[in-house]
Amino acid sequence: MTATEAEGQARLASTLATDGYLDDGRLRDAFEAVPRHLFLPDRVWLDDSTASTGYVLVDRVSDPDRWWAAAYSDVSVVTQIDDGAPEPLDDHWATPTSSASRPSVVALMLAAADLRPGQRVLEIGTGTGFNAALMAHLVGEAHVTSVEIDPRISAQARASLAAADCHVRIVCADGEGGVPSRAPYDRVLATASLLRLPQEWVEQTAEGGLIVAPWETAMCPHGMVRLTVRGGRASGRFRTPVTFMTLRGQRHRARLAEMFTDEAWEEARHRGLGSRPALLGDDDARFAVGLRLPGVHYWEQAGTGHWLCSEDSWALIDDDAVHQWGPRDLFDEASAESAWWEDAGRPHVHDFGLTVTPGGHTAWLGTRESGPSWPLFG
Ligand SMILES: C[S@@+](CC[C@H](N)C(=O)[O-])C[C@H]1O[C@@H](n2cnc3c(N)ncnc32)[C@H](O)[C@@H]1O
C-alpha cells in the first residue's frame with residue numbers, strides 16, 4: 001500500500017472513531033486493516049446535486065482526486081445505477097442499484113451484529129465485497145458467506161476480495177432464499193433493505209443467533225431491525241434507522257401516474273386541511289404510521305405537497321386543502337394513525353419491535369408481551 005492509501009485509510013478510521021462509530025476496538029481494527037479503495041471499481045457514481053440525475057460519473061484515471069476523496073470519506077460510493085445501464089435510463093433520475101455503503105452506516109450495522117471470532121455469518125448483498133472483508137476480519141474468513149443477486153457485481157466482488165487476499169465464500173443467487181448449503185449461521189446481516197423478512201433467513205439462523213437488516217415501509221425508507229432467533233421465531237426491536245437500496249424482489253413503486261388523471265381529480269373529494277397531522281413533519285411519526293399502514297406510500301414533492309398512495313387510492317395534501325380519491329380515504333386513515341402515535345406518547349423508532357413467525361409478521365410497541373401489537377400484512 002502506498003503512503004497516500006495508508007493515510008486515507010487511517011483518516012477514515014479516525015473520522016469514524018471521532019464520530020463515535022468505532023467504540024468497539026475490534027471494529028476499529030477492521031476498518032484500519034481493510035483498504036476500501038481495493039473494493040471500488042475505476043468508474044463510480046457520486047452524489048452531485050448539480051447533476052440532472054443527482055449523480056455524476058467519476059473516473060479514477062481522469063479525476064483521481066475526486067475518486068480517492070470518495071474512497072476514504074464517509075460517503076456512499078455508488079457502483080451501479082439502473083441495474084447496470086451504462087448511462088442513467090432517465091435524464092432526470094438515476095436509481096442506485098449497488099454501492100459501497102457509507103462507512104458509518106456499515107459500522108452501525110456491524111456493531112448491531114456484535115460479531116465475534118468464529119461466528120458463522122451470512123451477508124445478503126455482497127455489493128463491492130468491502131463489508132464481507134470487514135466481517136472476515138472480525139470472525140475469520142472461513143466463516144463468512146456472502147450472496148449477491150447480480151452476476152456482474154458478484155464477479156467484481158470476487159476479484160476485489162482476491163486482490164485483497166481475503167478468501168470468503170461468495171455465492172451468486174437471490175439472497176431471499178439465504179444460502180442453505182452453509183447454514184446454520186450465527187449472524188445473518190442484510191445490506192439491502194426489506195419490507196418482509198424471508199422465512200428462510202429465520203430457518204437458517206442458529207438458535208440464539210441474530211438477524212440484522214435495514215427495514216423500510218412504503219411510507220418510510222429508514223429503519224433497521226435486530227432480531228434474535230429462538231424456537232423458529234425471530235423477534236427484536238428496531239434500532240437506529242439506516243437507509244439502503246431495496247432487495248430486488250421487494251422493490252415497490254407508487255402507482256400514482258396511472259390513477260392521477262383529470263377524471264380522478266374531478267371525482268376526488270376536496271376539503272380544507274384543518275390541523276396538520278404529525279406525520280407530515282415528524283420522522284418518528286412517519287415510521288410508526290408506516291408500520292400501521294403497510295403498502296401506503298408517502299412522499300413530499302416540491303410544488304405540489306404531500307402525497308399518499310395505495311394500490312387503489314391516492315391523497316394529496318397541499319398548504320390548506322386535502323384531496324382524496326379512490327375507495328380509501330388515505331389522508332383520514334393516516335391522520336388517525338398519526339393521532340394514535342401522539343396518544344401513545346410520541347414513541348421513538350426504538351420503542352417499536354417486530355416478531356416474525358411462520359404465520360406472519362407482527363409489529364409491537366413497548367414490549368412484545370404487553371404492548372399493543374398488530375399484524376403487519378393483513
Ligand atoms: C448497498 S449494496 C451492498 C453493499 C455491500 N455490502 C458492500 O459492502 O459493498 C446492496 C447489494 O444488494 C444486492 N441485492 C439486492 N437484492 C438482492 C437479493 N435479493 N439477493 C442478493 N443480493 C441482492 C444488490 O445487487 C447490491 O449489490
Side-chain angles (χ1 to χ4, degrees), residues 12 16 27 30-31 34-41 44-45 47 55 70-71 74-85 95-110 112-113 115 121-138 144-161 163-164 166 168-180 182 185 187-201 204 211-216 221-222 224 242-252:
L12 175 60
L16 295 176
L27 209 47
F31 272 89
V34 182
R36 190 174 187 233
H37 72 272
L38 289 183
F39 295 88
L40 302 180
V44 298
W45 298 86
D47 261 337
Y55 292 93
D74 187 23
V75 295
S76 150
V77 175
V78 174
T79 53
Q80 186 193 65
I81 53 161
D82 294 334
D83 291 326
T95 304
T97 47
S98 192
S99 66
S101 310
R102 189 173 170 170
S104 53
V105 169
V106 173
L108 263 181
M109 294 204 59
L110 289 173
L115 298 172
V121 185
L122 171 65
E123 177 189 38
I124 289 96
T126 312
T128 61
F130 178 59
N131 189 51
L134 292 170
M135 295 194 306
H137 193 85
L138 291 161
V144 176
T145 304
S146 183
V147 55
E148 168 60 50
I149 198 166
D150 187 297
R152 273 184 291 178
I153 297 285
S154 179
Q156 176 68 49
R158 269 177 213 277
S160 303
L161 285 156
C166 179
V168 301
R169 180 75 63 92
I170 300 296
V171 176
C172 185
D174 183 348
E176 287 204 48
V179 179
R182 298 258 288 174
Y185 304 99
R187 300 287 183 265
V188 172
L189 190 137
T191 59
S193 188
L194 337 172
L195 293 93
R196 297 177 300 280
L197 187 85
Q199 184 61 29
E200 286 86 342
W201 297 6
Q204 292 172 30
I211 300 174
V212 175
W215 189 267
E216 66 179 86
H222 330 285
M224 191 211 300
V242 294
T243 312
F244 273 79
M245 45 199 67
T246 316
L247 276 176
R248 267 202 195 177
Q250 298 195 15
R251 288 178 186 165
H252 51 99

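Order of listing sets the numbers, starting from 1, for every ligand and every atom in it.
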Open item on the list: Holding to ring pair (Phe, Tyr, Trp, His ring centres under 6.0 Å), I want the full list of residues that pass it with Phe31, two or more places apart in sequence or in another chain.
Closed with: none
- [ ] Looking only at non-hydrogen atoms, find the nearest pair between Val179 and Gln204 and report the distance.
- [x] N-OE1, 2.9 Å
Identify the protein atoms, limited to N or O, that lie within less than 3.5 Å of an N or O atom of ligand 1, and list each pair with its distance to 0.1 Å.
{"from": "ligand 1", "atom 1": "6 (N)", "to": "Glu123", "atom 2": "OE2", "distance (Å)": "2.9"}
{"from": "ligand 1", "atom 1": "6 (N)", "to": "Gly125", "atom 2": "O", "distance (Å)": "3.0"}
{"from": "ligand 1", "atom 1": "6 (N)", "to": "Thr191", "atom 2": "OG1", "distance (Å)": "3.1"}
{"from": "ligand 1", "atom 1": "8 (O)", "to": "Asn131", "atom 2": "N", "distance (Å)": "3.0"}
{"from": "ligand 1", "atom 1": "9 (O)", "to": "Ser99", "atom 2": "O", "distance (Å)": "3.1"}
{"from": "ligand 1", "atom 1": "9 (O)", "to": "Thr128", "atom 2": "N", "distance (Å)": "3.0"}
{"from": "ligand 1", "atom 1": "9 (O)", "to": "Thr128", "atom 2": "OG1", "distance (Å)": "2.6"}
{"from": "ligand 1", "atom 1": "16 (N)", "to": "Arg248", "atom 2": "N", "distance (Å)": "3.0"}
{"from": "ligand 1", "atom 1": "19 (N)", "to": "Asp174", "atom 2": "OD1", "distance (Å)": "2.8"}
{"from": "ligand 1", "atom 1": "20 (N)", "to": "Gly175", "atom 2": "N", "distance (Å)": "2.7"}
{"from": "ligand 1", "atom 1": "22 (N)", "to": "Ile149", "atom 2": "N", "distance (Å)": "3.2"}
{"from": "ligand 1", "atom 1": "25 (O)", "to": "Glu148", "atom 2": "OE2", "distance (Å)": "2.6"}
{"from": "ligand 1", "atom 1": "27 (O)", "to": "Ser98", "atom 2": "OG", "distance (Å)": "2.7"}
{"from": "ligand 1", "atom 1": "27 (O)", "to": "Glu148", "atom 2": "OE1", "distance (Å)": "2.7"}
{"from": "ligand 1", "atom 1": "27 (O)", "to": "Glu148", "atom 2": "OE2", "distance (Å)": "3.3"}

Open item on the list: When you measure from the side chain of Arg158 to the backbone of Ile170, do you find a donor-acceptor pair of N or O atoms at a distance under 3.5 Å?
Closed with: yes
Task: With sequence neighbours excluded, residues passing ring pair (Phe, Tyr, Trp, His ring centres under 6.0 Å) with His222 - done: none
- [ ] Give a yes or no on this: more than 12 heavy atoms of other residues, nucleotides or ligands lie within 6.0 Å of atom CZ of Arg182.
- [x] yes
- [ ] Just jot down the ring pair (Phe, Tyr, Trp, His ring centres under 6.0 Å) partners of Tyr185, sequence neighbours excluded, or say none.
- [x] none
